[in-house]
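Per chain, numbering begins at 1; letters A, B, ... match sequence-line order.
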2 protein chains.
Amino acid sequence: MELAEAKSKFVETWGKLGSEWGINRTMAQVHALLLITPGELTTEEIMEKLSISRGNANMTLRDLIGWGLVEKQHKPGERKEYFFADKDAWKIAQQVAKERSKRELDPVIKVLDELTKVQGDINDPEFKTFNKSVTDINKLAKNVNRTLEIMLKADGNWFWKGIFKLFK
Amino acid sequence: MELAEAKSKFVETWGKLGSEWGINRTMAQVHALLLITPGELTTEEIMEKLSISRGNANMTLRDLIGWGLVEKQHKPGERKEYFFADKDAWKIAQQVAKERSKRELDPVIKVLDELTKVQGDINDPEFKTFNKSVTDINKLAKNVNRTLEIMLKADGNWFWKGIFKLFK
DNA sequence: CTAAACTTTCAAAAAGTTCTGAAAGTTTAT
DNA sequence: ATAAACTTTCAGAACTTTTTGAAAGTTTAG
């Protein structure tokens with residue numbers, strides 16, 4: 001496979017995975033493009049390479065900055081803004097985990113905490129089933145949360161080593 | 001909070017989480033409804049409780065069965081089909097992990113494996129960056145995959161115990 | 001101050017996804 | 001064989017999300 005072909009395949013695959021996981025396809029593609037680009041890119045270059053509009057490029061880049069995945073850079077003497085992505089895979093994973101857990105998991109845990117407090121007649125099967133399901137899911141969500149906290153503090157190597165020790 | 005209110009809050013919250021994670025909102029809601037229902041429900045009852053059409057209910061239930069989250073039940077002497085959800089939170093998590101990794105992670109790993117094989121000039125920064133990013137992401141994806149495999153075999157209690165030992 | 005170079009905004013259009021409901025299909029009982 | 005009870009299908013409608021592009025805004029240089 002040619003390098004050029006491989007690059008577009010990477011961008012395409014990353015975009016597809018993103019959209020399956022609730023991340024805007026274009027956003028994932030712009031990120032992918034920056035990941036395989038040695039230096040920085042301007043808005044103009046991104047628009048061109050991915051055939052997207054100026055508005056789309058601008059908003060997507062802003063979102064990526066909001067996710068902590070991309071940084072703006074200014075070059076001395078230049079007016080243009082350059083965009084650059086951190087290429088450390090473990091850091092990217094940490095950043096995504098951090099944001100998604102903050103934006104999506106935390107609010108759910110908050111609701112589940114409230115729902116576990118709902119009182120009812122323990123002999124009512126409706127209440128019993130509700131209470132059990134909510135309580136169990138809440139526990140699971142909290143375990144996931146604690147695990148993510150470990151992951152966010154950890155060095156990648158150390159983390160996986162620990163996980164794989166579980167095997168033996 | 002009233003039980004009735006709590007129930008709809010649960011269904012709504014689950015639906016929202018689902019849609020943020022690339023799972024159809026209605027599908028997550030139907031699953032939530034079945035999770036807090038002691039017995040089984042008919043298509044008719046689901047349609048009514050969630051105000052959705054027959055077609056939607058039917059397709060959603062089929063999908064949920066495809067995900068291994070819901071089962072059809074037949075009652076002797078009855079023509080209707082009843083639907084029932086396994087309520088064990090750990091099993092649900094395993095099932096979702098299994099399906100998503102099969103449907104989404106595996107195909108990506110297959111592409112990444114191909115892309116890591118692409119040959120190029122090690123002095124070309126374009127190639128170097130491409131190769132490094134792809135290789136690193138591939139490694140990460142494989143670690144995730146191995147971890148999911150452990151999770152799929154494991155008992156929930158044992159799995160979390162192991163994870164939290166990482167702390168000390 | 002003015003113009004050029006660039007970025008941001010946002011209303012409307014396009015694209016993508018989900019839902020409806022009526023018709024077709026299937027199964028079972030008589 | 002017929003009818004009743006139920007399930008499945010799918011074309012089009014409704015809804016949601018994403019994208020465009022032109023206008024407005026901002027910054028810098030002279």
Rounded distance (nearest 0.5 Å) linking atom CH2 of A/Trp90 with atom CG of B/Asn143: 8.5 Å

Measuring to OP1 and OP2 of [N], would you say a side-chain N or O of [X] lies under 4.0 angstrom away?
X	N	value
A/Thr26	D/dT19	yes
B/Thr43	D/dC6	no
B/Asn58	D/dT8	yes

A/Gln29 and A/Thr26: side chain donor to acceptor below 3.5 Å: no

Side chains of A/Asp113 and A/Asn138, donor plus acceptor under 3.5 Å: yes

Sugar-phosphate only, base, or nothing, as touched by B/Glu44 at under 4.0 Å among non-hydrogen atoms: nothing

Touch class at under 4.0 angstrom, heavy-atom based, for A/Ser51 against every strand present: sugar-phosphate

Neighbour count >12 (heavy atoms, 6.0 Å) for atom CD, B/Glu48: no

DNA chain D: 5'-proximal contact among A/Gly77 and A/Thr60 (nearest heavy atom): A/Thr60

Residue closer to the 5' end of DNA chain D, A/Arg79 versus A/Ile52 (nearest nucleotide): A/Ile52

Minimum-distance nucleotide (side-chain atoms of B/Asn24 versus D/dC6, D/dT19, C/dT18): C/dT18

Residue A/Lys72, side-chain atoms from C-beta onward, closest of D/dT19, C/dT20, C/dT8: C/dT8

